[in-house]
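Computed from a predicted structure; not experimentally measured. For the numbers below, each heavy atom of this structure counts, side chains included, while hydrogens, waters and symmetry mates do not.
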Amino acid sequence: MSISKYPLFLFCVFVSAHCFSQVVGKVSDSTGKPLPYVNIYLKNVAVGTTTNKNGDYELTLDELGEHTLVFQYLGYKTEQKEIEIQAFPFTLNVSLTEESTSLAPVILSNGENPAIRIIENAIEQRKENRAKSQKFTADFYSRGLWRVQNVPEKFMGAEIGDLGGGLDSTRSGVVYLSETISKIAYQAPDNFKEKILASKVSGDDNGFSFNSAREFNISFYNNTLEINAEIVSPIADYAFNYYNYKLEGTFYDEYGNLINKIKVIPKRPDDAVFSGHIYIVEDSWEIYGVDLSTTGEAVQVPIIEKLGFQQNFKYSKTENRWVLRSQNITFSWAIFSVSGSGRFLAVYSNYDFSPDFEKNTFTNEILSFAKNANEKDSLFWKGIRPVPLTEEERNDYIRKDSIQLVRESKTYLDSIDHVRNKIDFSALFFGYHWQNSHKNLDFNISGPLFGTHFNTVQGWNLNLETSFQKSNESRTEYWRIFANTSYGFSDERFRISGGFRQKFNNFSKPLLQISGGIETRSINDTDPIPLLVNDVANILFERNYLKLYDRLFAEAAYSVEVFNGFRAYSSLSFEKRKPLFNTTDHVFVENKGVEYTSNNPLQPQNFGSMPFVEHNIAKLELGVRINFGQKYYRYPDGKYIADENNWPLVFLGYEK
């Protein structure tokens, strides 16, 4: 019996052997404290890895024998370890010592600030050094984690739950954990393309990570960094207007390059600036590394307490340049009693700085997913993950994956719906929502509290909105039937309208709506007066700004994105329009010298006049919305538009 008849067996043996062909260990400082995000790589080879938050690392190798491993970390001496591997796995624990920076007396003898010379040279060479990375392809790995503390059980009366199993008994825990493996391409100034080959989301085996390499594409060689607001780089052309600098010391890397450690000190802390350290290479004036942070006030997100950026660069002999190896973004935030923190780690490898880009390499699609990107198993991730999981992350995957199996079962969903669908006293005020989670069915009816209004045509009027919806599994496609019922206690009339609405897919997003019935409408069809404002103006100040008419109508509308950035709209309707009159002058507060006006805005004092003659109308409306240069992300479940766009948004319309 030949073993070649069992390719699956051979594949498993190969994968298992590959996954365990590893050098593993922990990196710590001289006191034994673990060092996170240390760069580890084979000397003169592109193969590398990074320690996790706890200082653990795993480096996959294909061959036994002699290897030289390099351990690089900002603020610590770079270590080279020569090892001879006779069997895998091979354990190598390393202790790094703090870099012994020095300030030679000759540098300080003239009394000048030596940091000024270094920063001036870095600014002078900024554009040239930035141009070295204006065009490249690379492999990209990212991991995002977000944890929260002290989350309340309810917010504004609504149950928050345990956020997908992330919260423990103290209402704290990890609420987001995901990883991606991607291929990226970049060409200055803003051409970017990413294809995600593998995606993993804790607690959602059908989920796709929203980590984006484009969002990680942060360069301190730019004058400013766009982080919700424009933050001034420590080596911007005008950086001396915002920063003071101090040379804290110098040291040599493993290649003999002199590295300058510069402390970055904001002149005015309230400016959009960074603080911390930047490391500059002597002579080439390139960035060796950054350890900088800014505040929520600077990025105009007040709930953020601190936003930190760590970048580590590696010297490439073949390219004769310093290339970004890893980046770690950390953040902390707080609002009321709730707080949180998180990090987004990125690792770059296999750079190509001379790619042969074709004319159609870059399009408006800046992100896409490979087929079955979210179906990679644990063996795949163990073999390709450049940064090992921490115990916290490993436990989160295990716990949430187990929870998912339970929570996706029909029994569990039915039990949750049974509790959630109970009718209580609050439904009389806030409405009621029923759902069948297993079949993706939803029923809603609005509450009288927010559906009760007052106007001089209907008097006090009660409005109820009801709907029934059937969605697909990802809730990106649906059909819905809806109805709006209104009763005016002064004019003693029921009015009812409703219709059908369907979204066919989540890419071109075609929407069809058919509706009809009878309803009141504002004569000013831009609806400039919110109903609550009109309620208060009526009953307290005897001001009836809202002018209404009746319409009996039937309407069909359809819209679709014909091609990227070009969305077409159309509608065809028939209406029977009838003028209305005031039927009440009720007020809570009498206002001397003030009285209601008629429902005719053209003759406010003529209460028997009509604003128009009763008539029928057939109406055709056609329109387009043009979003020039629209960038978008293409996920397996739909197309999502990128927020930023420097082009105008144009609307064209025709009505007959």
Side-chain angles (χ1 to χ4, degrees), residues 363-365 368 439-446 463-486 495-528 549-578 615-643 645 647-656:
T363 64
N364 288 322
E365 182 180 277
S368 63
K439 296 182 178 180
N440 295 313
L441 301 175
D442 293 86
F443 171 77
N444 283 282
I445 182 168
S446 63
N463 303 270
L464 293 179
E465 299 179 0
T466 56
S467 67
F468 180 81
Q469 178 171 303
K470 167 66 176 176
S471 307
N472 66 344
E473 186 174 352
S474 61
R475 291 188 175 270
T476 55
E477 302 170 18
Y478 64 85
W479 59 261
R480 178 190 304 152
I481 54 176
F482 58 90
N484 300 300
T485 304
S486 173
R495 295 175 176 88
I496 185 167
S497 62
F500 171 85
R501 179 181 177 92
Q502 183 165 1
K503 180 181 178 183
F504 294 92
N505 68 62
N506 203 35
F507 293 93
S508 60
K509 298 179 173 63
L511 291 172
L512 171 68
Q513 179 166 306
I514 300 172
S515 56
I518 186 169
E519 63 182 9
T520 58
R521 291 291 296 269
S522 172
I523 292 177
N524 185 338
D525 61 6
T526 63
D527 292 322
Y549 72 95
D550 256 347
R551 76 161 186 158
L552 177 67
F553 72 101
E555 182 177 42
Y558 182 76
S559 67
V560 66
E561 186 177 55
V562 182
F563 52 85
N564 183 53
F566 188 96
R567 187 168 188 85
Y569 301 84
S570 63
S571 69
L572 180 64
S573 63
F574 174 82
E575 301 178 23
K576 183 175 183 179
R577 295 173 172 175
K578 180 180 179 181
H615 62 278
N616 299 332
I617 182 172
K619 185 165 63 174
L620 171 69
E621 292 180 281
L622 302 174
V624 295
R625 184 195 67 189
I626 307 173
N627 191 352
F628 294 99
Q630 175 178 275
K631 303 287 186 181
Y632 64 92
Y633 307 102
R634 183 174 291 276
Y635 279 75
D637 66 347
K639 175 181 177 181
Y640 299 91
I641 308 305
D643 291 336
N645 196 337
W647 292 85
L649 186 64
V650 176
F651 293 89
L652 300 174
Y654 172 79
E655 181 176 287
K656 175 65 175 177

Tell me the closest heavy-atom pair linking [X] and [Y], and the distance in Å.
X: Tyr569; Y: Arg567; value: OH-CD, 3.4 Å
X: Phe651; Y: Arg625; value: CE2-CG, 3.3 Å
X: Leu652; Y: Ile626; value: CD1-CD1, 4.2 Å
X: Leu511; Y: Arg501; value: CD1-NH2, 3.3 Å
X: Tyr558; Y: Pro510; value: OH-CB, 3.3 Å
X: Ile518; Y: Phe553; value: N-CE2, 4.4 Å

Any side-chain heavy atom of Tyr632 sitting closer than 4.5 Å to one from Glu365?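 Yes, close enough: below the 4.5 Å cut-off.
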
Using the side-chain hydrogen bond (donor to acceptor under 3.5 Å, both in side chains) criterion, which residues pair with Lys576? Sequence neighbours excluded.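 Partners of Lys576 by the side-chain hydrogen bond (donor to acceptor under 3.5 Å, both in side chains) criterion come out as none, since no residue qualifies.
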
Within the side chain of Lys639, is there an N or O that forms a donor-acceptor pair under 3.5 Å with the backbone of Lys509?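 Looks like no, no N/O pair under 3.5 Å.
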
Has the side chain of Ser522 got a donor or acceptor atom that lies under 3.5 Å from a matching backbone atom of Asp527?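 No: the side chain of Ser522 does not pair with the backbone of Asp527.
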
Report the residues that fulfil ring-ring contact (aromatic ring centres under 6.0 Å, His included) with Phe507, sequence neighbours left out, ordered by chain and then residue number.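 Not a single residue meets the ring-ring contact (aromatic ring centres under 6.0 Å, His included) criterion with Phe507.
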
[X] [atom1] to [Y] [atom2] distance, which is reported to the nearest 0.5 Å:
X: Arg475; Y: Lys470; atom1: CZ; atom2: NZ; answer: 9.0 Å
X: Tyr478; Y: Gln502; atom1: OH; atom2: CD; answer: 9.5 Å
X: Arg521; Y: Tyr549; atom1: CZ; atom2: OH; answer: 5.5 Å
X: Asn506; Y: Asp637; atom1: CG; atom2: CG; answer: 6.0 Å
X: Leu464; Y: Ser446; atom1: CG; atom2: OG; answer: 5.0 Å
X: Ser471; Y: Lys439; atom1: OG; atom2: NZ; answer: 14.5 Å

Within 6.0 angstrom of Lys578 NZ, more than 12 heavy atoms from elsewhere: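 No, not enclosed.
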
Give the ring-plane orientation class for Tyr640 versus Tyr635, where under 30° counts as parallel, over 60° as perpendicular and anything between as tilted.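 Because their plane-to-plane angle is over 60°, the rings of Tyr640 and Tyr635 count as perpendicular.
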
Under the salt bridge (Lys or Arg N to Asp or Glu O under 4.0 Å) rule, what do Asp550 and Arg495 come out as? Steps first, then yes or no, please. CA-CA 9 Å; Asp550 256 347; Arg495 295 175 176 88; 2.8 Å; yes

Might you work through the side-chain hydrogen bond (donor to acceptor under 3.5 Å, both in side chains) test for Asn564 and Gln630, ending with a clear yes or no? CA-CA 7 Å; Asn564 183 53; Gln630 175 178 275; 2.8 Å; yes

Carefully, step by step, assess Phe482 and Asn444 under the rule side chain to side chain contact (heavy atoms under 4.5 Å, CB included). CA-CA 9 Å; Phe482 58 90; Asn444 283 282; over 6 Å; no

Please identify each residue that fulfils side chain to side chain contact (heavy atoms under 4.5 Å, CB included) with Lys619, with sequence neighbours left out.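 Lys619 satisfies side chain to side chain contact (heavy atoms under 4.5 Å, CB included) with Ser573, Glu575, Arg577, Glu621, Glu655 once adjacent residues are dropped.
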
Applying side chain to side chain contact (heavy atoms under 4.5 Å, CB included) to Ser571 and Glu555, what does each step give before you reach the verdict? CA-CA 7 Å; Ser571 69; Glu555 182 177 42; 4.3 Å; yes

Verdict with supporting geometry, Glu465 and Ser467, side-chain hydrogen bond (donor to acceptor under 3.5 Å, both in side chains): CA-CA 7 Å; Glu465 299 179 0; Ser467 67; over 6 Å; no

